[in-house]
Chemist: 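So that we are looking at the same thing, I have put the structure below in C-alpha cells.
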Amino acid sequence: MAIRKLNKLPQAAVLKQIMKMCSSLGRKQCYNDEDHLPIDVPKGHFAVYVGENRTRYIVPISFLNHHEFQYLLQCAEEEFGFDHDMGNTIPCGEVVLRSLTSMLC
C-alpha cells in the first residue's frame with residue numbers, strides 16, 4: 001500500500017520528511033553518541049505523541065505501510081505540519097491509537 005501524496009510531494013519525499021521528523025524526536029531524551037538517536041527508541045521504530053497530555057508511544061516503522069496510520073499522519077500534517085519542535089503529534093486520543101495499533105500488530 002503506498003502513502004498518498006501529502007501536499008503533492010512524491011512518496012519518497014514524504015517518507016524522507018516523516019523519517020527526518022521521527023529522527024529528531026525526543027530532543028530532551030538520552031542519545032546514543034554514535035547514532036545521535038534516542039536510546040529508548042529501538043531501531044525500526046519511532047515515537048509519536050497523542051492525546052491531550054501528549055503521551056508518547058513508540059510504534060514500528062512498518063505502520064507507515066498501513067492506510068489507517070497514513071491517514072493519521074495526514075491529519076497530523078494538516079493540523080501541525082512536520083516542521084516544528086513538538087515531536088510527531090497525532091491529533092487523536094490515546095484510545096484511538098491503542099485500538100489502531102492493536103489491529104495493525
Chemist: Under a 4.5 Å side-chain heavy-atom rule over Ile, Leu, Val, Met, Phe, Trp and Tyr, are Val59 and Ile61 clustered together?
Modeler: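 Yes.
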Chemist: Going from CD on Gln74 to NE2 on His67, what distance comes out if it is rounded to the nearest 0.5 angstrom?
Modeler: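 It is 7.0 Å, given to the nearest 0.5 Å.
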Chemist: Locate the shortest heavy-atom distance separating Phe63 from Phe69; write the atom from each residue and the value.
Modeler: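 Closest approach of Phe63 to Phe69: O-CB, 3.3 Å.
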Chemist: Does any non-hydrogen side-chain atom of Leu72 lie less than 4.5 Å from one of His66?
Modeler: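 A side-chain contact under 4.5 Å is absent here.
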Chemist: Can you check whether Phe46 reaches Ile58 side chain to side chain, under 4.5 Å on heavy atoms?
Modeler: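 Answer no - side chains too far apart.
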Chemist: Consider only side-chain heavy atoms of I, L, V, M, F, W and Y, link residues closer than 4.5 Å, and tell whether Leu64 and Met103 are in one cluster.
Modeler: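 Yes; Met103 is reachable from Leu64 via cluster members.
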Chemist: Can you give me the closest heavy-atom contact between Leu104 and Glu68, atom names plus distance?
Modeler: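 Distance-wise, the nearest heavy atoms are CD2-OE1, 4.1 Å.
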Chemist: With rounding to the nearest 0.5 angstrom, report the OH to CD1 distance, Tyr49 to Ile90.
Modeler: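 Between Tyr49 OH and Ile90 CD1, I get 11.5 Å after rounding to 0.5 Å.
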Chemist: Holding to side chain to side chain contact (heavy atoms under 4.5 Å, CB included), I want the full list of residues that pass it with Pro91, two or more places apart in sequence or in another chain.
Modeler: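 Testing Pro91 for side chain to side chain contact (heavy atoms under 4.5 Å, CB included), a comparison that skips the adjacent residues, returns Cys75, Ala76, Glu79, Phe80.
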Chemist: Out of Leu97, Thr89, Thr101, which one pairs with Val48 under the side-chain contact (heavy atoms from CB on, under 4.5 Å) rule?
Modeler: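 It is Leu97; the other options fail the test.
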Chemist: Would you please name every residue forming a side chain to side chain contact (heavy atoms under 4.5 Å, CB included) with Glu94, sequence neighbours left out?
Modeler: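 Per chain and number, Glu94 pairs via side chain to side chain contact (heavy atoms under 4.5 Å, CB included) with Val50, Thr55, Tyr57, Arg98.
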